[in-house]
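One structure is given here, and the rest of the page talks about it.
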Amino acid sequence: MAQDLRDLMGGPRVRMAPSPTGLLHVGLARTALFNYLFAQKEGGKFILRIEDTDRERSDPKFEKDIVEGLQWLGIKWDEFYRQSERIAIYTQYLEKLLKESKAYYCFCSEDELESKRQDQMSRGEAPKYNGKCRELQAAEVKKYLAENKPSIIRFKATSKKVMFHDLIRGQLEFDSSLVGDIAIAKDLATPLYNFAVVVDDFAMKITHVIRGEDHISNTPKQILLQEALDFPQVQYAHLPLILGPDRSKLSKRHGAVSVADYKKDGYLPETLVNFMAFLGWNPGGEREIFNLPSLVKEFSLENVQKSGAIFNLKRLDYLNGFYIRQKSIKKLAELCKSYLPEADQSELEKIVGIYQERLKKLSEIKELAGFFFQDKLVYDKELLKWKNMTDKEISQSLDKSENLLSKIKEASWTKENIEKVLMPEAERVKDRGYLLWPLRVALTGQKASAGPFEIAAISGKEKTLKRIQNAKLKMQNNN
Ligand code: GLU
């Protein structure tokens, strides 16, 4: 059936249907990516549908985050919908189900439902609605509605075996008698999730529902609703859960999970796309670097695994380092700008030039190179000491550097010249560290950094000499 529909419309139609009740997290972004890749590969359409019917929990700021996150990742949609703008469509189908007695008003109070639920659970039964309002007379319903008695709309779930073929998990079977009569709307203008999804998947001619495995228990409910509404069944593909390294479901406990946080941390969109593609999918073979177009070429649902996908942060960092090294210096400098706002483009280009090889995340540039822009470096005097140097030897070493460097003319202040001037002296003593370590610490205040020649070259003559003098003062004042 779904195949026919697909042929008729020239390619599959898939959707990502986030509720704007939280930030775009990796799980959701992975769902979007797989839908996008599938649509692109098969010459179909990818639809973004914001499921904002839960007015209390939905917030436009989350919709904005989701939309911007997907745009940043390069995941483009062909059509966009917002459920809150489609209420009339749901009302029409709710009325239809009520009219056909496939749905009914339920006036049971929350307390009543809760005590029934407790009862059932104490008897070891799965809680479900007992069907009390199923047989209310029309006149009674009318009276209660006129009195504004609180109510919801329930769907009469038929007891049967619901079967469907999941493209990833194979043939699945559920006993719908365990489901009970599910709530499908708070009122005619407030549909609930399972109902609105079914109406929209039909209205938007969705052929494949590709979503996280956590939705699998909703699928039989949605199939029953499709049947009641005479809608064709769609094809389902439930993606494996994403697990943390401890094999529990990925959550905030495992660190950043929102795309915005990864972006802030300095992961590149191409890294996340490449990384997320492998959360449950594998093309086979050794190749592990894939950009969006190459993923489109390779992607297939057949290569999606059933078992949980482990989130490996080391791999994420490895990929990010790889993509950072692919950037031109100019581009990398632009990307690092927000982490070192004090630097101008040309300074940034010099700085990223010496750190590109070792950067795993863009944000690390702040830690690595922030010292260039600090007025006064704060570090412990002890740090200036190489091996067993005495205070006197440190001061002498700094004097030597200062003397040698001050001879270089401003216009000749390059890394090569600095090296040429300092190296013979560095080589003359026991080991280079006696000259170069105190100098490097004086210029950076850091235990580890790039080499002193490069740093002095970028810092400029004036700042270099100033920092050496400050280090000498530190030695004199013993602080
Ligand atoms: N609104 C649902 C969610 O955010 C979407 C479920 C679906 O894809 O059917 O989880």
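Atoms within each ligand, like the ligands themselves, are counted from 1 in listed order. For the numbers below, each heavy atom of this structure counts, side chains included, while hydrogens, waters and symmetry mates do not. For this chain, numbers begin at 1 and follow the sequence in order.
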Note to self: How far is atom 2 (C) of ligand 1 from the closest protein heavy atom, and which atom is that?
What the structure shows: Ala17 O, 3.3 Å
Check: Which ligand 1 atoms are under 4.0 Å away from a heavy-atom of Glu51?
Finding: 1 (N), 2 (C), 5 (C)
Notebook entry, point to check: Which pairs pass ring-ring contact (aromatic ring centres under 6.0 Å, His included) with one or both residues in residues 295-316, sequence neighbours excluded?
Noted result: Phe34-Phe299, Phe275-Phe311, Trp281-Phe299
Check: Does Arg15 come within less than 4.0 angstrom of ligand 1, counting non-hydrogen atoms of the residue?
Finding: yes
Notebook entry, point to check: Hey, does the side chain of Ser176 reach the backbone of Val179 with a donor-acceptor pair shorter than 3.5 angstrom?
Noted result: no
Check: Thinking salt bridges, do Lys132 and Glu112 make one under a 4.0 Å N-O criterion?
Finding: yes
Notebook entry, point to check: Counting each atom of ligand 1 from 1 as listed, which ones have a heavy atom of Arg211 under 4.0 Å away?
Noted result: 7 (C), 8 (O), 9 (O)
Margin query: Taking 4.0 Å as the limit for heavy-atom contacts, which would you say applies to His215 with ligand 1: side chain only, backbone only, both, or neither?
Written below: side chain
Margin query: Can you confirm whether or not the ring centre of His215 sits under 6.0 Å from the ring centre of Tyr236?
Written below: no
Margin query: Under 4.0 Å, heavy-atom basis, I'd like to know which part of Pro18 is in contact with ligand 1: side chain, backbone, both or neither.
Written below: backbone
Checklist line | Electrostatic pair Asp181:Lys156 at N-O distance under 4.0 angstrom | finding: no
Check: Is a side-chain donor or acceptor of Asn274 paired with a backbone partner of Asn291 at a separation under 3.5 angstrom?
Finding: no
Margin query: Give me the residue, atom name and distance of the protein heavy atom closest to atom 6 (C) of ligand 1.
Written below: Tyr193 OH, 3.0 Å
Check: For ligand 1, which atoms have a heavy atom of Ser19 less than 4.0 angstrom away?
Finding: 1 (N), 2 (C), 3 (C), 4 (O)
